[in-house]
Amino acid sequence: MQLSIGELARETGVSVRAIRHYDRHHLLTSTRACNGYRFFPPQAITQVRQIQRLINTGFSIAEICSFPDCMRMTEGAAFCPETQAVQYKRLADIERQISELESRRALLMATLAEGITR
């Protein structure tokens with residue numbers, strides 16, 4: 001049974017616009033009816049959920065497009081040997097951002113503390 005784009009959106013909680021975006025980038029496979037409507041196979045539900053999971057961990061659409069099927073086709077897939085390096089790089093980027101934010105926080109707190117003691 002094929003899913004319309006609206007059904008896929010309802011099943012995944014993702015907007016129709018986002019699904020079209022994923023389809024345009026070939027992250028999903030759709031077929032077109034004579035009227036131009038898109039239809040998706042049932043496994044698209046899993047794919048959309050996995051795409052969302054990867055986006056929520058900080059990966060871009062371009063990065064996700066480069067991932068092998070083991071990362072894009074399996075909901076909850078956390079590891080593929082082929083993506084280990086890029087996952088560790090993403091983790092390092094996140095840790096660097098956290099460190100920068102902690103430094104900014106400390107500076108702002110010190111600035112506020114100075115204002116209180118004056």
Side-chain angles (χ1 to χ4, degrees):
M1 178 187 151
Q2 297 284 304
L3 300 165
S4 71
I5 196 166
E7 290 168 330
L8 183 56
R10 279 189 296 281
E11 287 290 325
T12 59
V14 175
S15 72
V16 167
R17 183 173 181 236
I19 292 170
R20 284 189 187 114
H21 185 67
Y22 304 157
D23 193 36
R24 252 191 323 277
H25 285 87
H26 307 289
L27 290 171
L28 299 173
T29 302
S30 66
T31 56
R32 296 277 184 148
C34 295
N35 58 10
Y37 291 174
R38 289 178 174 96
F39 286 94
F40 298 87
Q43 67 262 26
I45 294 169
T46 297
Q47 290 172 288
V48 169
R49 289 179 179 155
Q50 181 64 0
I51 292 164
Q52 284 291 296
R53 182 174 175 273
L54 292 167
I55 288 170
N56 289 336
T57 57
F59 291 103
S60 69
I61 292 294
E63 289 169 320
I64 295 168
C65 286
S66 73
F67 287 169
D69 286 350
C70 61
M71 283 297 286
R72 294 187 295 123
M73 301 296 209
T74 306
E75 185 175 356
F79 179 77
C80 261
E82 298 93 323
T83 62
Q84 184 177 15
V86 73
Q87 288 178 304
Y88 277 117
K89 183 184 179 314
R90 175 66 57 215
L91 180 60
D93 290 344
I94 290 169
E95 289 177 347
R96 180 188 46 76
Q97 290 170 347
I98 289 169
S99 177
E100 288 173 5
L101 287 171
E102 287 174 342
S103 294
R104 289 180 189 173
R105 179 178 178 262
L107 182 58
L108 182 56
M109 289 175 67
T111 301
L112 289 170
E114 287 175 14
I116 293 172
T117 58
R118 288 185 184 176

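Keep in mind the model is a prediction, meaning the values are calculated, not measured. For this chain, numbers begin at 1 and follow the sequence in order.
Using a distance-only test at 3.5 Å, with no hydrogens or angles considered, a donor-acceptor pair links the side chain of Ser4 to the main chain of Glu7. Counting only distance, with no hydrogens or angles, the side chain of Asp23 and the backbone of Ile19 share no donor-acceptor pair below 3.5 Å. Under a 3.5 Å cut-off, the side chain of Arg90 and the backbone N or O of Gly58 do form a donor-acceptor pair.
Residues Phe39 and Val14 do not share a hydrophobic cluster, clusters being chains of Ile/Leu/Val/Met/Phe/Trp/Tyr side chains in contact below 4.5 Å.
Considering only heavy atoms from C-beta on, Val16 stays 4.5 Å or farther from Leu8 through its side chain. Taking the side chain as every heavy atom from C-beta outward, Leu28 and Ile51 approach each other to under 4.5 Å.
The shortest heavy-atom contact between Tyr22 and Val48 is CE1-CG1, 4.4 Å. Between Ser15 and Ala9, the shortest heavy-atom contact is C-CB, 4.3 Å. Minimum interatomic distance between Phe59 and Val86 (heavy atoms only, all atoms of both residues): CE2-O, 3.9 Å. Residues Leu27 and Gln47 come closest through the heavy atom pair O-NE2, 3.7 Å. Heavy-atom minimum distance, Glu11 versus Arg49: O-NH2, 3.0 Å.
How far CG of Leu107 is from CE of Met109: 11.5 Å, rounded to the nearest 0.5 Å. Note that OG1 of Thr57 is 10.5 Å distant from CG of Leu91, once rounded to the nearest 0.5 Å. From Ile55, atom CD1 reaches atom CD of Glu63 across 11.0 Å, with rounding to the nearest 0.5 Å. Atom OG of Ser60 and atom CG of Leu54 lie 10.5 Å apart (nearest 0.5 Å). Remark: Tyr37 OH to Arg32 CZ distance equals 11.5 Å, nearest 0.5 Å.
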Report all side-chain donor-acceptor pairs from residues 94-104 shorter than 3.5 Å, counting only partners two or more places apart or in another chain.
| residue | atom | partner | partner atom | Å |
| --- | --- | --- | --- | --- |
| Arg96 | NH1 | Glu100 | OE2 | 3.1 |
| Ser103 | OG | Ser99 | O | 3.2 |

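By the side chain to side chain donor-acceptor pair (under 3.5 Å) test, Thr12 is found to be paired with no residue, residues two or more places apart in sequence or in another chain being considered.
Within 6.0 Å of CZ in Arg17 there are 12 or fewer heavy atoms belonging to other residues, nucleotides or ligands.
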